[in-house]
Structures are given as C-alpha cells and as structure tokens.
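Scroll down for the structure; my scribbles are underneath it.
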Amino acid sequence: MATRPLIRSRLAPTPNGYLHLGNIANFILTWATTRAMNGSLTLRLDDADFNRCKDEYIEDVFTTLNWLGLNFDHGPRNLKEYRESFSQSLKTKDYWQALQAQKIKNLLFVCDCSRKDILSICPEGVYPQTCYHKNMSYSPLNNAIRFKTPGLNIDEPALNDLIIWRRENIPSYQLTSIFDDQKEGINHIIRGEDLLASTQCQQFLARHFDFDQFSQAKIYHHPLMCSDQNQKLSKSKGAQSLRELRLGGLKKEEVFSQVAHFFQFSGEFKTLHDFIRPSLNLLRGL
C-alpha cells in the first residue's frame, strides 16, 4: 500500500515592514492545515530585496510567532540564526548558478530598459520586447536579466518577460521563491488570492527550470482580509501593524477571534488548535 507523502508547508513572510492581521490570517490557516495533516512546517523569510529587510522587521516576525504560539519545525529561531544561516543573501551564488542551466539559456536576455522607457512605449506596462535581440552582457547597476514568457499572458504586466535578476545584482523574488520551495521540498502552499498571477508565473518558471517538486505542489489561494475602506491589508498601503495593536493592548485571543470571523468560522476561537478542523474544511473548498 502506497504511503501518503509528508505534507511540507511554509510560512514565508517578506520582512520589509511589520506584520499585519492579513499576514496572521494566512499564517494561522497554513499552520492549522499543516498540523491537521501531520505535516512539517518551515519558517522562511523571503528577503531577496535585502536593502528593504530591516532587523526590526525580522525581529517582529519572531516576536509575533512566539506571542501567538505559531510553532514551526524548521527555520531560524531568532535574528542571529537567521543572519548567520538562513538569509537568502547567503545563497546568491546558488540562485545565480540556477540561471546557468543550459535548458533555460534561450529564454534569458539582458535588458537596460527603465520603467519609464517601457511606459513610454506601452502605457499598460507590458514589456515591449525592446531588448530581445540586442545580445547585451549583464552589467550590475547598468542592466537586468529578464526571462522570456511566451504564451504566459497573465494580467500582471510586470510578470510577462519578467526581471529574474535585478540591476542591483540580486535575484528576483520569483526566482528565490521557487528555488527555495524546490530545495526545501515544499508541496503545500497557501497564499492570498492577490498572488494568483504570481503563482501562474512561478509555475511557468518551474516547468522551464525542471523544478518538479514545485511543479507538483498543491497551491491554494484564500480571500484577502480588507480594511474598512475595502482595501486589502498591506504594508505598502499602511495597514496598521499587529505590533502597534499588541502594544495598544490587543490580546491574542482577540486576534484569533478576528481571524475566525474573517474566515466565517463559527464558534469560539480561544486557541490555535480551535482552527484545525474548520481550516481543513475551508481548504477543501479553495
């Protein structure tokens, strides 16, 4: 009798701001469904944009997870461990090596277009293939490396012929995310529905990189927690941080109650374990 493969999931915040309730809703759903299936949970900080990931935001991740009791099986336990052994900045050579694979060479091209250049040709922001045949060499700070995406045609312009290696000589989020998911054997991913286009893009990339583990992963997208103005909660739009709410007296039981209300779970939610059964039922419908 075939054994069921171990569920491997991850919490993967980007530490470029303090966590908000939308982040926590995703964390709780991921934690609860992974625990319901006796799976393994990894904490990974997606810090590919190293310059925006400050120590105070990284510390906030550990403080918040500890406060809520969101335990995990693999990953850094504190800022020191993260900096010494887990930051994506330590794996830049690995990400670069992934771009050297012969099978994707014909899909890579160097581009020196600025966003202003692109918008002057295509106001919608779709890359106009300006540098397809220029055959430039990559030069940090002067140009970037793009990945051709023939036939992808998704609604988010920046993900068509996307930048996969940036001018700053760092990998893009799309590359680091699928690379790490592949390497860590992640096969169970829960995301907000705002990342549907990103998922399509990553699945396209994974096929061309022959990242079979990622290509076969189950990926679910849940609704987004919104503000009173019906805008999704996000750092870029100034969503109130959980840190600020916590310092203002918010109790973790109130967090659980708000998350349960958002997911339309009925009953009392005083502990994380109260989420296990309803979260699994919700996942089946996503």
Side-chain angles (χ1 to χ4, degrees), residues 12-17 22-23 26 44-53 88-89 92 95-96 98-99 104-134 136 138-182 189 191-209 211 214-215 217 219 221-222 224 231-239:
T14 300
N16 58 5
N23 299 128
N26 174 270
R44 182 179 80 227
L45 278 65
D46 280 335
D47 67 342
D49 192 350
F50 314 130
N51 294 327
R52 296 177 61 198
C53 299
Q88 291 177 327
S89 64
T92 302
Y95 301 133
W96 179 256
L99 290 187
I104 63 165
K105 284 294 185 181
N106 65 327
L107 292 172
L108 300 178
F109 66 99
V110 175
C111 171
D112 62 0
C113 297
S114 67
R115 177 170 174 77
K116 183 178 179 180
D117 294 333
I118 295 170
L119 292 175
S120 69
I121 298 172
C122 180
E124 293 78 21
V126 177
Y127 181 71
Q129 303 182 1
T130 307
C131 299
Y132 259 29
H133 304 293
K134 287 186 177 180
M136 292 180 286
Y138 176 61
S139 174
L141 304 182
N142 295 315
N143 49 39
I145 301 175
R146 289 183 179 269
F147 197 104
K148 294 180 183 178
T149 55
L152 185 56
N153 297 322
I154 54 180
D155 292 335
E156 196 166 325
L159 295 180
N160 290 281
D161 291 337
L162 76 157
I163 291 175
I164 201 158
W165 200 271
R166 294 168 47 178
R167 289 175 185 263
E168 300 93 330
N169 201 21
I170 58 175
S172 72
Y173 163 77
Q174 304 298 346
L175 174 58
T176 59
S177 183
I178 64 165
F179 182 95
D180 286 0
D181 280 337
Q182 171 74 17
I189 299 170
R191 292 173 162 164
E193 61 187 9
D194 58 326
L195 293 178
L196 278 164
S198 184
T199 293
Q200 288 179 264
C201 175
Q202 290 186 0
Q203 289 173 327
F204 176 92
L205 291 175
R207 289 194 297 271
H208 287 281
F209 277 95
F211 285 178
F214 183 87
S215 297
I219 303 179
H221 298 85
H222 61 76
L224 300 178
Q231 287 188 324
K232 75 167 185 175
L233 296 181
S234 69
K235 299 163 191 169
S236 62
K237 295 190 180 298

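Since this is a predicted model, take the numbers as computed values, not measurements.
Put simply, CG on N143 and CD1 on I145 are 8.0 Å apart, with the number rounded to the nearest 0.5 Å. To the nearest 0.5 Å, atom OG of residue S177 and atom CZ of residue R191 are 5.0 Å apart. Between the CD1 atom in I118 and the CD atom in E124 there is a gap of 12.5 Å [rounded to 0.5 Å]. Once rounded to the nearest 0.5 Å, the distance linking CG of D161 with SG of C111 reads 9.0 Å. For the atom pair CG (L107) and CD1 (I164), the distance works out to 9.5 Å, reported to the nearest 0.5 Å. Separation of atoms OH (Y95) and CD1 (I170) is listed at 11.5 Å; rounding is to 0.5 Å.
Y138 approaches N169 most closely through the heavy-atom pair OH-CA, 3.1 Å. H208 approaches I104 most closely through the heavy-atom pair O-CG2, 3.2 Å. The shortest heavy-atom contact between D194 and L224 is OD1-CD2, 3.3 Å. S172 approaches I163 most closely through the heavy-atom pair CB-O, 3.3 Å. G192 and N26 get closest at one heavy-atom pair: N-ND2, 4.3 Å. The minimum heavy-atom distance between C201 and L152, with the atom names listed, is CA-CD2, 4.2 Å.
With hydrogens and angles disregarded, no donor-acceptor distance shorter than 3.5 Å links the side chain of D46 to the backbone of T14. Between the side chain of T92 and the backbone N or O of S89, at least one donor-acceptor pair lies under 3.5 Å. Without hydrogens or angle criteria, T199 side chain to L195 main chain gives a donor-acceptor distance under 3.5 Å. In this structure a side-chain-to-backbone donor-acceptor pair under 3.5 Å is present from R167 to N142. Checking side-chain atoms of E193 against main-chain N and O of H221 turns up no donor-acceptor pair under 3.5 Å.
With C113 as the fixed residue, the side-chain contact (heavy atoms from CB on, under 4.5 Å) test singles out one of I121, L119, T130: T130.
D181 places none of its side-chain heavy atoms less than 4.5 Å from the side chain of F211. The shortest distance between side-chain heavy atoms of T149 and I154 does not fall below 4.5 Å. The side-chain heavy atoms of V110 and K134, taken from C-beta on, include no pair separated by under 4.5 Å. Contact check for R166 versus D49: side-chain heavy atoms found under the 4.5 Å cut-off. When side chains are defined from C-beta on, D180 does not count as touching F214, because their heavy atoms never get closer than 4.5 Å. By the 4.5 Å heavy-atom criterion applied to side chains, F204 and P150 are counted as neighbours. Side chains of Q202 and Y173 form a contact here, defined as non-hydrogen atoms less than 4.5 Å apart. For the pair Q88 and R44, the minimum side-chain heavy-atom distance is below 4.5 Å.
Side-chain N/O atoms of D117 and S120 include no donor and acceptor closer than 3.5 Å.
Taking a 6.0 Å sphere around CG of D155, one finds it holds 12 or fewer heavy atoms contributed by other residues, nucleotides or ligands.
Between Y132 and F109, the angle of the ring planes goes over 60°, which puts this pair in the perpendicular group of the 30/60° scheme.
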Please lay out, stage by stage, how F179 and F209 fare under the test side-chain contact (heavy atoms from CB on, under 4.5 Å). CA-CA 9 Å; F179 182 95; F209 277 95; over 6 Å; no

